[in-house]
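One-based numbering, in listed order, for ligands and for the atoms of each. Remember, it's a predicted structure, so these values are computed and weren't measured experimentally.
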Amino acid sequence: MRKIIIAIDGFSSCGKSTMAKDLAREIGYIYIDSGAMYRAVTLYCIENGLLHDGRIDADKLSHEIDNIHISFRPNAATGRPDTYLNGVNVEERIRTMEVSSQVSPVAALDFVREAMVKQQQEMGQAKGIVMDGRDIGTTVFPHAELKIFVTASPEIRAQRRYDELKAKGQAVDFDEILANVKQRDYIDQHRDVSPLRKADDALLLDNSHLTIEQQKAWLTEQFERVAGK
Ligand SMILES: Nc1ncnc2c1ncn2[C@@H]1O[C@H](COP(=O)(O)OP(=O)(O)O)[C@@H](O)[C@H]1O
Ligand SMILES: Nc1ccn([C@@H]2O[C@H](COP(=O)(O)OP(=O)(O)O)[C@@H](O)[C@H]2O)c(=O)n1
């Protein structure tokens, strides 16, 4: 089978990382969660006083962006890569509601996207990669051999995220999560730079009523069809 690039885009919390990570593990590809990179930049802003009451000090961030180094290292216990920000494991801290509620405006900044896209493209140079996000099939890898666009209803997506955070022991409120999911979808779809949209050549997957196993089987089938050509 030839080595390909698999781009998985779509709305917030619909299961992109779950299916991307599982497929990558099964076929021996590298898995990159591009959303984790925007989350890590947001955490940097929070921890370094660049975000106040939802306002970003974009000027200061533009001067510091080259000092923000994000990498991934495997975690044997979870079976997925952990995110590191300037050498520190931030995997847990980037998944909080505090970060979720501020990440989309940070990710809308042109210089932030430019820096992240450059790193993502370098990660995909040798192919054999599954990357999930919002603009992977449209901007990061417009020539990806397999592109998927995932969607599910906002209520179902919010319920999935609610269950996940609750299982981790975080104090969560369903309505707050639903509002966050809808707000991020809106910002992600309406920003000027690389807005969230389905690439013309992406396959659409509505997984509202699919189990994790069913969506993975579907994705594996698509991979075998394309990589086996
Ligand atoms: N088909 C599915 N049915 C039910 N839960 C799912 C499904 N796919 C993923 N999940 C769960 O939904 C949550 C969000 O999935 P995730 O992969 O993090 O989404 P995304 O990467 O799109 O934000 C996770 O807790 C995951 O286990
Ligand atoms: N390629 C990407 C990935 C994420 N993002 C931004 O980063 C946020 C967090 O991404 P994520 O994939 O972790 O989001 P979840 O759907 O997992 O909650 C998104 O809401 C987008 O604002 C982006 O702009 N481009």
### Query
Quick one: does ligand 1 sit under 4.0 Å from the side chain of Thr211, the backbone, both or neither, non-hydrogen atoms only?
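The backbone, only.
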### Message
Checking contacts here: is it the side chain or the backbone of Ile212 that comes within 4.0 Å of ligand 1, counting heavy atoms only? Could be both or neither.
### Response
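For Ile212, the contact with ligand 1 is made by both the backbone and the side chain.
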### Query
With a distance cut-off below 6.0 Å to the six-membered ring centre and an angular limit of 45° from the axis, does Arg25 pair with Tyr31 as a cation-pi contact?
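Arg25 over Tyr31 ring: no.
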Between [X] and [Y], does any side-chain N to carboxylate O distance fall below 4.0 Å?
X	Y	answer
Asp33	Lys16	no
Arg161	Asp173	no
Glu98	Arg93	no
Glu92	Lys168	no
Asp201	Lys147	yes

### Task
State whether the shortest distance between N or O atoms of Asn207 and N or O atoms of ligand 1 falls below 3.5 angstrom.
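No, since none of the N or O atoms of Asn207 sits under 3.5 Å from an N or O of ligand 1.
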### Message
Regarding ligand 1, does Arg161 bring an N or O atom to under 3.5 Å of one of the ligand's N or O atoms?
### Response
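Between Arg161 and ligand 1, an N or O pair is found under 3.5 Å apart.
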Which protein non-hydrogen atom lies closest to [atom], naming both residue and atom, and how far is it?
atom	answer
atom 12 (O) of ligand 1	Arg160 CB, 3.2 Å
atom 21 (O) of ligand 1	Ser17 OG, 2.3 Å
atom 17 (O) of ligand 1	Thr18 OG1, 2.5 Å

Show me which atoms of ligand 1 lie under 4.0 Å from any heavy atom of [X].
X	value
Cys14	19 (O), 20 (P), 22 (O)
Leu210	1 (N), 2 (C), 3 (N)
Glu164	13 (C), 14 (C), 24 (C), 25 (O)
Gly15	8 (N), 9 (C), 15 (O), 16 (P), 17 (O), 19 (O), 20 (P), 22 (O)

### Residue selection (non-hydrogen contact nearest atom 8 (N) of ligand 1) among Gln215, Gln159, Arg157, Arg80
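Among Gln215, Gln159, Arg157, Arg80, the closest heavy atom to atom 8 (N) of ligand 1 comes from Gln215.
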### Query
For ligand 2, what is the set of protein residues having any non-hydrogen atom at a distance below 4.0 Å?
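The 4.0 Å shell around ligand 2 contains Ser12, Ser13, Lys16, Ser34, Gly35, Tyr38, Arg39, Val103, Ser104, Ala107, Arg113, Gly133, Arg134, Asp135, Ile136, Arg161, Arg184, Asp188, Arg191.
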Does the side chain of [X] come under 3.5 Å of the side chain of [Y] through a donor N or O and an acceptor N or O?
X	Y	answer
Ser104	Asp188	yes
Glu91	Tyr84	no
Arg160	Asn207	yes
Asp163	Gln159	yes
Ser100	Arg39	yes

### Query
Got a sec, which residues hit side-chain hydrogen bond (donor to acceptor under 3.5 Å, both in side chains) with Arg197, two or more places apart in sequence or on another chain?
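For Arg197, no residue satisfies side-chain hydrogen bond (donor to acceptor under 3.5 Å, both in side chains) once neighbours in sequence are set aside.
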